[in-house]
S.K.: 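Let me begin by handing over the structure; questions about it come next.
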Amino acid sequence: MLHNLTTPTINASSAIAIDSSNMQVTYEKDSKTPQSIASLSKVLLVYVVFDQLKNGDLSLDDSFYLSDYGMEIGLNPSLSNVPLSASQNYTVKELVDGVLIASANNCAITLAEGIAGSEDQFIELIKAYLEEWGIKKYQLTSVTGLDPDDISSKELEKNEYNQFSAYDMAMISAKLVNDFPEVLDITKQESVSFSDAYIENYNQLLPNKKYAYKGVDGLKTGTTESAGACLISTCVQNEKRIITVVLGAQSDKKRYTDTTKLLDYSFSRINRER
């Protein structure tokens, strides 16, 4: 019985909420249209990394150096990065922490190049997973999700940014969390030490953050000019996990308020259906 349960008004251009245990959609708004996803793209990178760790093709102690391309991106003060030195190598664990906690683009590039030899070769690895999962309507040009203007060395056209639907990003995120729940041990941390620095988690839904929501333990923020403010959240209450995706919110605040509405509605709906 769902009477008296008011469907929320979501301001983002696209949104979805799902029950991760059975993939039941509890809310959706234009969820099947691919659009720019900014740093939510890094969820794809992380899935491949964790799968390689599981298969023994990679170890958390393996280490990689920063390339000239990674250094170029890392020196851009307008982009999310962590302090990396070309004279030092970094472990897979450190780089994954940088990607998931601080959305570090230089860490994402270093991982992709270290594992596959180049970013483009790593993208081909991701595409093999997408084919296996039956995801066909997308555009993937980087592991970072940066807009073309921020990746001058790749000579991309202005519309060559990563595009996925909210529905597909929700399903990919559910696969990540279900297949590799240990990822949440990273994403639930409010901050971590990295090399000689201390990095804060960008996710403001976590405990003690500005928009804290009970039960949130992940997953990924993203913001670019083409994408607006985006967010994948994952939240557990009463042994039920809801995953939400918000694309194209008009501000950081609105991506969090939209997500809060989605979580409130989804948990109320599930509780009423029990």
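Because the structure is predicted, anything quoted here is derived from the model rather than measured. Keep in mind that the numbers below use all heavy atoms, side chains included, and drop hydrogens, waters and symmetry copies.
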S.K.: Measure the CD1-CD1 distance between Ile37 and Ile232 for me, rounded to the nearest 0.5 Å.
M.R.: 7.5 Å
S.K.: Indicate yes or no for a side-chain donor-acceptor contact from Asn106 to the backbone of Asn81 under 3.5 Å, with no hydrogens or angles considered.
M.R.: no
S.K.: Side-chain heavy atoms nearer than 4.5 Å, only ILVMFWY residues, links allowed to pass through others: does that put Leu263 and Val245 together?
M.R.: no
S.K.: Other residues, nucleotides and ligands only: do more than 12 of their heavy atoms fall within 6.0 Å of NZ on Lys93?
M.R.: no
S.K.: How long is the span from the CG atom in Leu79 to the CG atom in Asp150, to the nearest 0.5 Å?
M.R.: 4.5 Å
S.K.: Within the 4.5 Å heavy-atom criterion, are Leu231 and Leu205 side-chain neighbours or not?
M.R.: yes
S.K.: Working to the nearest 0.5 angstrom, can you tell me the gap between Ile73 CD1 and Glu119 CD?
M.R.: 8.0 Å
S.K.: Determine yes or no for a side-chain-to-main-chain donor-acceptor pair under 3.5 angstrom, with Asp147 supplying the side chain and Ser226 the backbone.
M.R.: yes
S.K.: Any side-chain donor-acceptor pair under 3.5 Å between Gln35 and Ser13?
M.R.: yes
S.K.: Let me see the working for Gln163 and Ser36 under side-chain hydrogen bond (donor to acceptor under 3.5 Å, both in side chains), right down to the final yes or no.
M.R.: CA-CA 4 Å; Gln163 298 181 61; Ser36 183; over 6 Å; no
S.K.: Under a 3.5 Å threshold, yes or no: a donor from one side chain and an acceptor from the other, between Tyr198 and Ser191?
M.R.: yes
S.K.: Give a yes or no on whether the backbone of Asn11 and the side-chain of Lys254 come within a donor-acceptor separation of less than 3.5 Å.
M.R.: no
S.K.: Just by distance, with hydrogens left out, do Arg241 and Thr234 show a side-chain donor and acceptor under 3.5 Å apart?
M.R.: yes
S.K.: Please answer: with hydrophobic residues joined when any side-chain heavy atoms are less than 4.5 Å apart, are Leu5 and Ile16 in the same cluster?
M.R.: no
S.K.: Side chains of Tyr161 and Gln139: is there a donor and an acceptor less than 3.5 Å apart?
M.R.: no
S.K.: Do any N or O atoms from the side chain of Tyr256 and from the backbone of Gln204 form a donor-acceptor pair under 3.5 angstrom?
M.R.: yes
S.K.: Quick one: pull up CG in Leu45 and CD1 in Ile126 and give me the separation to the nearest 0.5 Å.
M.R.: 6.0 Å
S.K.: Is the number of heavy atoms from other residues, nucleotides or ligands within 6.0 Å of CG (Asp185) greater than 12?
M.R.: yes
S.K.: Nearest heavy-atom pair of Asn89 and Ser63: which atoms, and what distance?
M.R.: ND2-OG, 2.8 Å
S.K.: Quick one: CD on Gln250 to CG on Asp258, what's the gap to the nearest 0.5 Å?
M.R.: 9.0 Å
S.K.: Test side-chain hydrogen bond (donor to acceptor under 3.5 Å, both in side chains) on Asn208 and Glu190; report intermediate values, then the result.
M.R.: CA-CA 8 Å; Asn208 302 313; Glu190 295 171 39; 3.2 Å; yes
S.K.: Could you check whether Asp179 pairs with Lys175 (Lys NZ or Arg NE/NH1/NH2 to Asp/Glu carboxylate O, under 4.0 Å)?
M.R.: yes
S.K.: With a 3.5 Å distance limit and no angle check, can you tell me whether Lys261 reaches the backbone of Thr9 through a side-chain donor-acceptor pair?
M.R.: yes
S.K.: Quick one: closest heavy-atom pair of Met71 and Leu66, and the distance?
M.R.: CE-CD2, 3.5 Å
S.K.: Between Gln237 (side chain) and Lys214 (backbone), is there a donor-acceptor pair under 3.5 Å?
M.R.: yes
S.K.: Does any part of the side chain of Ile101, heavy atoms only, come nearer than 4.5 Å to the side chain of Tyr202, both counted from C-beta?
M.R.: no
S.K.: Quiz question: by atom type and distance under 3.5 Å, do the side chains of Asp30 and Thr33 form a donor-acceptor pair?
M.R.: yes
S.K.: Show your working on side chain to side chain contact (heavy atoms under 4.5 Å, CB included) between Leu262 and Ile10 and close with a plain yes or no.
M.R.: CA-CA 8 Å; Leu262 291 174; Ile10 300 301; 3.8 Å; yes
S.K.: Can you confirm whether Phe164 sits close enough to Leu44 that some side-chain heavy atom of one is under 4.5 Å from a side-chain heavy atom of the other?
M.R.: yes
S.K.: Testing the 3.5 Å rule here: is there a donor-acceptor pair between the side chains of Asn105 and Lys42?
M.R.: yes
S.K.: Are side-chain N/O atoms of Gln88 and Ser85 paired as donor and acceptor at under 3.5 Å?
M.R.: no
S.K.: Less than 4.5 Å apart, side chain to side chain, heavy atoms only: is that true for Ile151 and Ser142?
M.R.: yes
S.K.: Counting only N and O atoms by type, is there a donor-acceptor contact under 3.5 Å from the side chain of Ser31 to the main-chain atoms of Glu28?
M.R.: no
S.K.: Less than 4.5 Å apart, any side-chain heavy atom of Cys107 and any of Thr110?
M.R.: no
S.K.: Would Asp149 and Lys158 pass as an ion pair if we require N to O under 4.0 Å?
M.R.: yes
S.K.: Using a 3.5 Å distance criterion without hydrogens, assess whether the side chain of Asn55 forms a donor-acceptor pair with backbone atoms of Asp51.
M.R.: yes
S.K.: Show the nearest heavy-atom pair for residues Gly222 and Ala38, with the distance to one decimal.
M.R.: C-CB, 3.8 Å
S.K.: Would you please test Met171 and Ile135 for side chain to side chain contact (heavy atoms under 4.5 Å, CB included) and show each step?
M.R.: CA-CA 10 Å; Met171 296 304 159; Ile135 296 174; 5.8 Å; no
S.K.: Under 4.5 Å between any side-chain heavy atoms of Met169 and Ile172, yes or no?
M.R.: yes
S.K.: Does a donor on one side chain sit under 3.5 Å from an acceptor on the other, for Asp120 and Ser118?
M.R.: no
S.K.: Can you confirm whether Glu225 is buried at CD, in the sense that more than 12 heavy atoms of other residues, nucleotides or ligands lie under 6.0 Å from that atom?
M.R.: no
S.K.: Answer yes or no: is there an ion pair linking Glu182 with Lys54, defined by an N-O contact shorter than 4.0 Å?
M.R.: no
S.K.: Transitively linked via ILVMFWY side-chain contacts under 4.5 Å: Leu95 with Ile123?
M.R.: yes
S.K.: Does one side chain, of Asn162 or Tyr138, offer a donor that lies under 3.5 Å from an acceptor on the other?
M.R.: no
S.K.: For the residue pair Thr259 / Ser233, report whether a side-chain donor-acceptor contact shorter than 3.5 Å exists.
M.R.: no
S.K.: Ring centroids only, cut at 6.0 angstrom: are Tyr47 and Tyr129 within range, meaning strictly under it?
M.R.: yes
S.K.: Please indicate whether Phe64 has more than 12 foreign heavy atoms, meaning atoms of other residues, nucleotides or ligands, lying under 6.0 Å from its CZ.
M.R.: yes
S.K.: Without swapping roles, check the side chain of Thr187 against the backbone of Asp217 for a donor-acceptor pair under 3.5 Å.
M.R.: yes
S.K.: Report the distance from atom CG of Asp97 to atom CD1 of Ile199, rounding to the nearest 0.5 Å.
M.R.: 6.5 Å
S.K.: Using atom types as modelled and distance alone, determine if a side-chain donor or acceptor of Glu160 lies under 3.5 Å from a backbone N or O of Glu157.
M.R.: yes
S.K.: Using the six-membered ring wherever Trp is involved, compare the ring planes of Tyr27 and Tyr265 and label them parallel, tilted or perpendicular (cut-offs 30° and 60°).
M.R.: perpendicular
S.K.: Could you check whether any side-chain heavy atom of Leu111 comes within less than 4.5 Å of a side-chain heavy atom of Val99, counting everything from C-beta outward?
M.R.: yes
S.K.: Can a side-chain donor-acceptor contact be found between Asn203 and Thr221 if the only test is distance below 3.5 angstrom?
M.R.: no
S.K.: Just by distance, with hydrogens left out, do Ser80 and Ser103 show a side-chain donor and acceptor under 3.5 Å apart?
M.R.: no
S.K.: Do Val43 and Ile242 sit in one hydrophobic cluster, given that two such residues count as connected whenever their side-chain heavy atoms are within less than 4.5 Å of each other, even indirectly?
M.R.: no
S.K.: Do Asp19 and Lys240 meet the salt-bridge criterion of a basic N to acidic O distance under 4.0 Å?
M.R.: yes
S.K.: Consider only side-chain heavy atoms of I, L, V, M, F, W and Y, link residues closer than 4.5 Å, and tell whether Phe50 and Leu219 are in one cluster.
M.R.: yes
S.K.: Are Thr26 and Ile18 close enough that some pair of their side-chain heavy atoms sits under 4.5 Å apart?
M.R.: no
S.K.: For the pair Glu132 and Lys127, evaluate salt bridge (Lys or Arg N to Asp or Glu O under 4.0 Å) and give the outcome as yes or no after the intermediate values.
M.R.: CA-CA 9 Å; Glu132 180 183 335; Lys127 287 180 177 179; over 6 Å; no
